[in-house]
S.K.: 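Take this structure first; my questions come after.
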Amino acid sequence: MLIFLLAAGLTLIFGLMDVLNFAHGGLFAWGAYSGIWIYTSTGSFLIGILGAILTGMILGIITERWIIKPVYGNHVQQILITLGLMLVLSEMLKVVWGPNQISAATPDYLSGSWEVGNVIIIKYRAFIIAVGFAVFLAVQFLLKKTKIGLVVRAGVMNKEMVQSLGINIQRVFMFVFMIGAGMAALGGMLLGPYSGVIHADMGMEFAILAFIVVVIGGMGSFSGSVMAAILVGLSGSFMAYYVPDLALAANMLLMAVVLIFRPQGLFGAKG
């Protein structure tokens with residue numbers, strides 16, 4: 001679910017805007033740092049979550065308006081400028097919060113576990129899963145049951161047609177980028193208490209996983225991103241348990257297999 005929150009926003013941005021945003025992981029990391037800082041300062045985990053989402057959305061708007069907009073349609077420039085932005089965002093984290101890792105404690109009411117028979121269910125992990133599915137259902141409702149969702153889905157299929165109908169596609173782009181950035185920041189915030197610590201370079205690590213999920217799930221497929229995220233998470237966990245030496249390569253191998261037999265991704269439409 002953490003991978004899904006990062007990858008789903010990238011799926012929307014990739015599918016609608018055709019933007020290769022390698023800085024998406026930086027928004028994930030800024031969500032983690034800002035959210036944990038607010039949580040630690042206020043003592044409220046909920047306020048920390050809201051602060052992380054707001055931080056991600058603001059950075060998303062700035063990134064789309066000032067960094068991405070000038071390079072629409074040029075993938076090479078998009079890769080170069082967003083990779084540069086990724087490095088800048090990581091270094092800015094070190095400037096603001098220092099180069100050392102920061103501890104992130106789990107809220108008291110989400111600490112501990114439940115025991116059901118012989119199965120132990122950790123409360124915080126169950127909370128993350130619940131939040132992930134809630135976000136999935138909320139975005140599905142937004143995409144399929146609202147007017148803005150209709151415009152977004154139409155834009156994925158034919159941006160020129162949407163614009164010819166008098167709809168300001170630039171505002172749609174900003175909205176999608178803002179939602180995607182907010183989801184990434186939420187994922188970063190939730191990762192903190194899950195892993196116990198956060199660090200400035202975490203963005204690049206998870207950005208790679210996000211792109212793997214996007215490729216496996218299919219370009220522009222939101223449902224595909226959640227299924228691919230679950231597949232990637234489970235395959236990595238099982239491989240780490242049974243064959244630790246291949247844990248890092250498991251997801252790359254999975255992506256290679258999918259590309260060989262289904263180049264458009266598991267849920268992507270054929271070109």
S.K.: So which atom in Met183 and which in Ala8 form the shortest heavy-atom distance, rounded to 0.1 Å?
M.R.: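 Looks like CE-CB, 3.4 Å.
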S.K.: Are side-chain heavy atoms of Phe45 and Met189 found at a separation under 4.5 Å?
M.R.: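 In contact.
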S.K.: Looking only at heavy atoms, what is the nearest atom pair of Leu6 and Ala184, with distance?
M.R.: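 Looking at all heavy atoms of both residues, the shortest contact is CD1-CB, 3.7 Å.
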S.K.: In chain order, what residues pass the side chain to side chain donor-acceptor pair (under 3.5 Å) check against Tyr72, with sequence neighbours excluded?
M.R.: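 If we apply the side chain to side chain donor-acceptor pair (under 3.5 Å) test to Tyr72, skipping adjacent residues, the hits are Glu64.
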S.K.: Identify the two heavy atoms, one from Gly265 and one from Val258, that lie closest to each other, and give their separation to 0.1 Å.
M.R.: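 Nearest pair, atom of Gly265 first, then Val258: CA-CG1, 4.2 Å.
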S.K.: Show the atom names and distances, to 0.1 Å, of all donor-acceptor pairs under 3.5 Å that link a side chain in residues 48-61 to residues at least two apart or in another chain.
M.R.:
unit_1: Thr55; atom_1: OG1; unit_2: Ser34; atom_2: OG; d: 3.4
unit_1: Thr55; atom_1: OG1; unit_2: Gly51; atom_2: O; d: 2.8

S.K.: Applying side chain to side chain donor-acceptor pair (under 3.5 Å), can you list everything that pairs with Lys94, at least two apart in sequence or on another chain?
M.R.: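 Per chain and number, Lys94 pairs via side chain to side chain donor-acceptor pair (under 3.5 Å) with Glu91.
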S.K.: Among Val214, Val215, Ile216, which residue meets the side chain to side chain contact (heavy atoms under 4.5 Å, CB included) test with Ile212?
M.R.: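 One option only clears the test, and that one is Ile216.
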S.K.: Ring pair (Phe, Tyr, Trp, His ring centres under 6.0 Å) for Phe133 and Phe4? Distances and angles first, verdict last.
M.R.: CA-CA 10 Å; Phe133 275 114; Phe4 159 71; 8.1 Å; no
S.K.: How would you list, by chain and number, every residue that makes a side chain to side chain donor-acceptor pair (under 3.5 Å) with Thr63, sequence neighbours excluded?
M.R.: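 Thr63 satisfies side chain to side chain donor-acceptor pair (under 3.5 Å) with no other residue.
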S.K.: Is the shortest heavy-atom distance from the side chain of Ile47 to the side chain of Tyr39 under 4.5 Å?
M.R.: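 They are not in side-chain contact.
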S.K.: List the atom of Gln78, the atom of Val71, and the distance in Å for their closest heavy-atom pair.
M.R.: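 In this case the closest contact between Gln78 and Val71 is NE2-O, 3.1 Å.
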S.K.: Identify each donor-acceptor pair in which a side-chain atom of residues 104-131 lies under 3.5 Å from a protein atom, sequence neighbours left out, and give them as a table.
M.R.:
unit_1: Thr106; atom_1: OG1; unit_2: Pro193; atom_2: O; d: 3.4
unit_1: Ser111; atom_1: OG; unit_2: Pro107; atom_2: O; d: 2.9
unit_1: Tyr124; atom_1: OH; unit_2: Leu190; atom_2: O; d: 2.7

S.K.: What residues, two or more places apart in sequence or in another chain, satisfy side chain to side chain donor-acceptor pair (under 3.5 Å) together with Glu205?
M.R.: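 Expected list: none.
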S.K.: For atom CE of Met227, decide whether the heavy atoms of other residues, nucleotides or ligands shown that lie under 6.0 angstrom number more than 12.
M.R.: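 No, CE of Met227 has 12 or fewer neighbouring heavy atoms, counting only those of other groups under 6.0 Å.
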S.K.: Would you say that more than 12 heavy atoms from the other residues, nucleotides or ligands in this model lie under 6.0 Å from the CH2 of Trp97, or not?
M.R.: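 More than 12 within 6.0 Å, yes.
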S.K.: Is a side-chain N or O of Ser41 found less than 3.5 angstrom from the main chain of Ile38, in a donor-acceptor match?
M.R.: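 Absent.
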S.K.: CZ of Arg65: more than 12 outside heavy atoms within 6.0 angstrom?
M.R.: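 Atom CZ in Arg65 is crowded, with more than 12 foreign heavy atoms closer than 6.0 Å.
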